[in-house]
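Notes for the one structure printed next.
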Amino acid sequence: MTPRLTRRSMVLGAVLLTVAGCGSGGGDAPGERADGGGTLTVWLMVDARESWPELVASANSRFAKAHPGVKVDVQYQQWTTKNQKLDAVLAGRNVPDVVEMGNSETTNYIVNGAFAPLDPKSFDRSGQWLPALADACRSEGRTYCVPYYAGARVGVYRTDYFKSTGITGAPRTYPELISALDRLKARYGAKDPSFSALYLPGRYWSAAMGFVKDAGGEMAVEKNGRWQGVLSSPKSVAGLSTWKKLMDDYYVGDRAKDNGDQPAVIGQGKVGVFYGNTWEAQAAADAKSGGDPRLKDKFATFAFPGPSGGLLPPFLGGSTLAVPAKSTRQELAADWIRIFTDRESQRQLVAADTLPNNTVQLADVAAGGLNGPAAQAAARGWVTPLAPGWTSVEKSNVLPEMLERIATGKASVEDATREADRRIDAVINER
């Protein structure tokens with residue numbers, strides 16, 4: 001699952017570099033040396049062009065000073081088509097030199113030899129990389145990609161609803177959260193049967209799995225060299241049971257849907273609290289995203305507390321950067337990644353309201369801003385199982401379908417998780 005299928009709309013800056021719209025390859029033309037001159041082809045997702053073009057331009061400028069004569073050709077990709085295009089070019093010889101990957105996409109490519117190994121010691125603050133990003137880059141003791149940026153979900157609430165209900169400040173503990181939801185439900189839900197104190201649609205898998213993680217459960221584990229589903233374990237079942245109770249108590253919407261249209265739903269004004277990305281709060285007040293501009297400045301965020309007493313562990317979406325094994329410019333590609341992910345570049349990401357790739361610079365995220373609670377929660381972040389066949393699990397929609405059956409009452413938590421484990425076991429070890 002990619003980290004951002006839709007990213008917040010932001011004012012586009014001038015991109016001070018040569019961009020090929022959707023070219024498919026890179027490498028050296030005949031006669032070009034691999035260590036100087038020519039073109040370095042970089043595939044970045046469109047997020048970089050929309051949200052931090054100045055960072056791309058700055059990194060390219062610094063790279064040009066270090067490698068005069070090497071042209072950087074940044075080709076922007078869409079999340080929905082990038083992997084299909086990458087699979088096609090990797091089958092040939094004309095490959096990009098650097099590719100951006102979602103942190104839950106990397107394992108299958110790594111185990112199939114698509115990426116060249118990298119020396120983590122040569123990259124800035126590699127010892128402090130966020131574990132959920134760094135772990136996605138490692139296999140059998142070697143590193144095959146570099147963490148780029150992260151995103152963590154948080155609680156988002158309507159400040160005017162809290163104020164009118166007499167709730168002072170954001171919830172800091174799970175009992176405080178439940179108390180706030182009870183008061184919102186009593187005040188607004190009693191008058192409006194379509195009001196959800198907590199927006200929590202049934203197929204919202206990353207929210208549900210946060211409760212699994214908080215209870216000490218897992219989706220799948222590796223044992224004796226083989227992966228297996230463990231959603232039916234007692235701890236995982238306990239986490240899903242808590243998630244189901246929250247839904248039963250505070251959510252009144254369609255249980256057979258996911259969170260894909262969350263900003264538009266929140267923008268209708270019938271939700272007190274939701275769990276999501278910080279940019280969704282901005283989108284809920286943006287007419288272009290289906291939101292209501294009158295809601296501008298009426299949202300605030302908080303680190304969502306979990307039943308365990310700690311923060312609810314968030315799915316840490318994010319991106320990594322890898323060098324295809326077939327690239328003829330691997331050293332140059334690695335050097336471009338070094339520049340693009342060093343502390344100066346990470347500082348620019350923080351300024352663009354995005355979480356950095358390391359724990360040190362999480363402290364630089366303004367605590368009072370929308371992204372402050374996300375930085376606080378990111379330390380407990382997790383990523384989907386690093387199994388060779390997890391992509392097949394995702395394509396099979398095992399998690400959303402399991403959750404829908406539980407949410408709609410078609411199956412108990414125990415029965416639905418046992419079926420999900422059987423489906424996971426059937427594909428998770430495929431390469």
Side-chain angles (χ1 to χ4, degrees), residues 2-4 7 15 17 40-49 51-67 70 72-77 96-106 109-110 115-138 142-152 316-324 327 329-365 371 375 378 381 383:
T2 55
R4 298 183 188 184
R7 185 175 167 82
V15 185
L17 42 94
L40 187 77
T41 301
V42 176
W43 279 20
L44 292 180
M45 305 314 298
V46 70
D47 303 328
R49 181 174 64 190
S51 301
W52 44 83
E54 295 86 358
L55 165 57
V56 180
S58 172
N60 284 347
S61 177
R62 290 195 287 149
F63 179 83
K65 291 179 181 178
H67 303 281
V70 179
V72 179
D73 179 17
V74 178
Q75 301 179 3
Y76 291 103
Q77 311 296 323
D97 302 297
V98 176
V99 294
E100 177 181 347
M101 303 294 296
N103 61 334
S104 62
E105 299 174 334
T106 59
Y109 287 89
I110 290 172
F115 299 147
L118 300 167
D119 179 7
K121 295 180 181 178
S122 66
F123 295 92
D124 197 10
R125 285 184 168 151
S126 59
Q128 291 82 40
W129 283 342
L130 290 170
L133 295 181
D135 290 349
C137 289
R138 297 178 180 133
R142 305 191 77 179
T143 296
Y144 292 88
C145 58
V146 175
Y148 168 14
Y149 71 84
L316 201 68
S319 279
T320 65
L321 297 163
V323 178
S327 168
R329 323 208 76 184
Q330 292 182 13
E331 290 186 10
L332 284 172
D335 203 42
W336 186 89
I337 294 174
R338 287 187 194 99
I339 293 171
F340 194 63
T341 59
D342 68 11
R343 67 190 66 193
E344 170 57 23
S345 293
Q346 294 297 307
R347 184 191 64 77
Q348 294 182 60
L349 276 177
V350 170
D353 221 11
T354 299
L355 298 185
N357 67 1
N358 65 88
T359 57
V360 175
Q361 288 178 279
L362 282 176
D364 296 337
V365 179
N371 230 21
V383 69

Decide side-chain contact (heavy atoms from CB on, under 4.5 Å) for Phe63 and Leu40; before the verdict, give the C-alpha distance in whole Å, the side-chain angles of both, and the deciding distance to 0.1 Å.
-> CA-CA 11 Å; Phe63 179 83; Leu40 187 77; 3.9 Å; yes

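- Considering all non-hydrogen atoms of both residues, Ala134 and Trp129 come closest at CB-CB, 3.9 Å.
- When all heavy atoms of Thr320 and Leu133 are compared, the pair lying nearest together is CG2-O, 4.3 Å.
- Closest of all the heavy-atom pairs between Ala333 and Val323 is CB-CG2, 3.8 Å.
- For the atom pair CG (Asp73) and CH2 (Trp43), the distance works out to 11.5 Å, reported to the nearest 0.5 Å.
- The closest donor-acceptor contact from the side chain of Arg329 to the backbone of Asp97 lies at 3.5 Å or more, if one exists at all.
- Taking both residues in full, the closest heavy atoms of Cys145 and Ala136 are given as SG-O, 4.3 Å, listed atom of the first, atom of the second, then distance.
- Using bins of under 30°, 30° to 60° and over 60° for the plane-to-plane angle, the ring pair Trp336/Phe340 lands in the parallel bin.
- Shown here for Asn357 and Tyr148, the closest heavy-atom pair between the two residues is CB-O, 3.7 Å.
- Atom CD of Glu105 is separated from atom OG of Ser319 by 7.5 Å, given to the nearest 0.5 angstrom.
- Interatomic distance, CD1 of Ile339 versus NZ of Lys65, reported as 10.5 Å (0.5 Å rounding).
- Nearest heavy atoms, Tyr76 versus Val74: CZ-CG1, 3.5 Å.
- A side-chain donor-acceptor contact under 3.5 Å links Thr341 to the backbone of Ile337.
- No donor-acceptor pair under 3.5 Å is formed between the side chain of Ser104 and the backbone N or O of Gly317.
- The one candidate from Thr354, Val350, Asp353 that meets the side chain to side chain contact (heavy atoms under 4.5 Å, CB included) condition with Val365 is Val350.
- Side-chain contact between Arg62 and Asp342 is present, with heavy atoms from C-beta onward closer than 4.5 Å.
- Atom-to-atom distance recorded for Asp335:CG and Gln330:CD is 13.5 Å, nearest 0.5 angstrom.
- Here CZ of Arg343 is found 14.5 Å from CG of Leu349. Values are rounded to the nearest 0.5 Å.
- A side-chain donor-acceptor contact under 3.5 Å links Glu100 to the backbone of Met45.
- Note that CG of Leu55 and CD of Glu344 are 9.0 Å apart. Values are rounded to the nearest 0.5 Å.
- In this structure the side chain of Leu321 reaches within 4.5 angstrom of the side chain of Leu44, judged on heavy atoms.
- When side chains are defined from C-beta on, Tyr144 does not count as touching Cys137, because their heavy atoms never get closer than 4.5 Å.
- No side-chain heavy atom of Gln75 sits less than 4.5 Å from a side-chain heavy atom of Pro96.
- With no hydrogens or angles considered, no side-chain donor-acceptor pair links Asp47 and Trp52 at under 3.5 Å.
- Under the 4.5 Å side-chain criterion, counting only non-hydrogen atoms from C-beta, Leu130 is in contact with Thr359.
- With no hydrogens or angles considered, a side-chain donor-acceptor pair links Gln361 and Arg125 at under 3.5 Å.
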